[in-house]
Amino acid sequence: MTAERWSSRVGFLLATVGAAVGLGNIWRFSSVLGANGGGAYLVPYLLAAFALAVPLLVLELAVGRTLRTDVVSAFSSVDRSYTAFGWLVVGGVLLILSYYLVLTGWVLGFLISWLVGSQTPFSTFTSGWLPVGYFVVVTILTGGIVSRGVRGGIERMAKVVMPTVFALLVLLALYAVTFPGWGEAVTFLFTPDLSVLAEPGVWSAAVGQVFFSLSVGQGIMLTYGSYTDEGMDFFRSSLLITVADIAAALLAGLVIFPIVFSFGLEPTLGTELAFTTLPTAFVSMAVGRVVAVAFFGLLFFAALSSAVSLLEVGVAAATTWTRIDRMRATALLTAGVFVAGIPSALSYSSVRLLVAGRPVLDIVDESVGTYALPVSGFLIAVVFVWAADFEAVHEELGRLYPLVKYVIPPVLALVTLARALGVARPAWRLLIDQPRDGLLGVVVAGLILSLLVALGWLLRSKLSDAARRCGRQPR
Ligand code: PFF
């Protein structure tokens, strides 16, 4: 049972919006949007945000407040045998943090290099040891904030960082209106194409991106919800978090795509978008250095407040389960995350740590950062709605309850299955052409599928009880 609390509703909202708005809104949203046909992708994205993410946000926040504990204890309070699920979620979050901090380090490196006016190209920057140095700095900074606690650390940081992020986004988006490619960017961003709705791949990408961007289904909101007071309306809060997160992503799109189209760059950008493609445009802009500092500054602040929320999930669990204090738990976890992040940090360096010909960082982003998210969202929805039936959670969800119970779990299971098959099919083909890389894909697909089977097996008795309860006494 945690005694820590946010000081106010505003503090809670700034912290949760801080958790949500991050690299996912700026660096990832634009590249996923670009790769999936621009505005066409917006329809599944918005549907996934409001129909899946909002109800899950309410669920997580309400479970957190009802149980007032960390994510592992929350799972274990439903049934001791589910404790492992809690650790699985925490493990996934910390793995995400390990490469997220590497990216945050790159952002800080770019911010400083533009500030001092000595911009180095991405390949030169990453080939040396500097990125590892910045990785150390941001890891220590994140740990420092979390070690100061919910009010003194996380909330205090969010109160400074979040208004700055939105102010910079709005200013940059206003400046981007003056670019010749603005009209083309708006058309690219906002022209819906309903025909893509028939493509399962676009849906799966949209759901994955929404989960990443909104920090939902990862125990983050459950942990932040455990620090709220009674009487806070979680439906309104969840709507606000979602709208703020989408607004940040669209504003970022309204900054990035006008630059892309005005400078003849490629809209189908990848991981390196912010670090290689955009700087080429900053160099040729009249006030390019100011724009670059504002851009990397906002990216850094957004990433920092998200990294803090990821670490807090682990620290909350560690302090409850080991009874060590916040300071020590933070130090230990920060060190662990740093070690786990080293392969990602070295993957773009001259050491070039590659797996199956791809940088480790990209592999971790695609596996944990993409495939694991719907799995942990599925676990949370099934365990806290099917296996447990908390009256307070039921009340908080209200009319959203049937959505969380009957719609979200099958949709997430389908997305996960589609992804496992999406990995399995090309991996199978690859197995014939390039046995080593193909084997890796088959192993990943096999792991995802066995996880689903194990999950069903572990939950079987609770689920049949719940189904029986449902049949006997319909609510
Ligand atoms: N939501 C944050 C972002 O968009 O960058 C951080 C984040 C949280 C990323 C949870 C991934 C994740 F699973």
Side-chain angles (χ1 to χ4, degrees), residues 14-33 45 48-49 52-53 56-57 60 71 88-107 138 142 146 154 157-158 161-162 165-166 169 205-224 238 241-253 271 273-274 298-314 337 341 344 361-362 364-380 412 415-416 419:
L14 285 171
T16 43
V17 172
V21 174
L23 294 172
N25 302 63
I26 302 151
W27 156 76
R28 214 166 187 271
F29 175 78
S30 303
S31 58
V32 177
L33 190 94
Y45 178 78
L52 301 183
L56 260 185
L57 275 175
E60 268 198 68
V71 64
L88 201 75
V89 171
V90 171
V93 164
L94 293 178
L95 261 180
I96 291 175
L97 179 63
S98 73
Y99 80 89
Y100 201 87
L101 284 171
V102 173
L103 291 166
T104 310
W106 290 358
V107 174
V138 294
T142 307
V146 172
I154 304 175
M157 173 235 18
V161 159
M162 288 328 286
V165 165
F166 277 93
L169 264 175
V207 173
Q209 175 58 21
V210 160
F211 272 65
F212 189 103
S213 182
L214 273 161
S215 299
V216 69
Q218 316 305 311
I220 298 171
M221 295 300 174
L222 190 152
T223 309
Y224 276 19
S238 301
I241 297 166
T242 307
V243 169
D245 191 73
I246 294 173
L250 291 179
L251 278 171
T271 313
L273 140 86
L298 100 87
L299 207 54
F300 175 65
F301 270 3
L304 185 67
S305 56
S306 295
V308 159
S309 72
L310 290 162
L311 183 59
E312 177 62 19
V313 173
V337 164
S344 294
L361 189 146
D362 291 37
V364 187
D365 177 43
E366 275 157 33
S367 52
V368 197
T370 308
Y371 295 104
L373 300 191
V375 177
S376 38
F378 176 79
L379 275 176
I380 289 181
L412 291 182
V415 168
T416 309
R419 287 180 166 210

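Each ligand, and each atom within it, is numbered from 1 in the order the structure gives. Start at 1 with the first residue, then count along the sequence. Values below: all heavy atoms of this structure, side chains included; hydrogens, waters and symmetry mates excluded. No experiment lies behind these values; they were computed from the predicted model shown.
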Check each protein residue for a heavy atom under 4.0 Å from ligand 1 and list those that pass, ordered by chain and number.
-> A19, A20, G22, L23, G24, N25, I96, Y100, F212, S213, S215, Q218, I220, S306, L310, L373
If you measure from CD1 on I380 to CG on L222, what distance do you get to the nearest 0.5 Å?
-> 6.0 Å
Counting N and O atoms only, with roles assigned by atom type, does the side chain of Q218 sit under 3.5 Å from a partner on the main chain of V89, one being a donor and the other an acceptor?
-> no
Please round to the nearest 0.5 Å and tell me the distance separating atom CZ of F300 and atom OG of S305.
-> 10.0 Å
So CG of L310 and CG of L101: to nearest 0.5 Å the spacing works out to 8.0 Å
Rounded distance [0.5 Å steps], CD in E312 versus OG1 in T142 | 12.5 Å
Residues passing the side chain to side chain contact (heavy atoms under 4.5 Å, CB included) test with S309, sequence neighbours excluded, are A19, I220, Y224
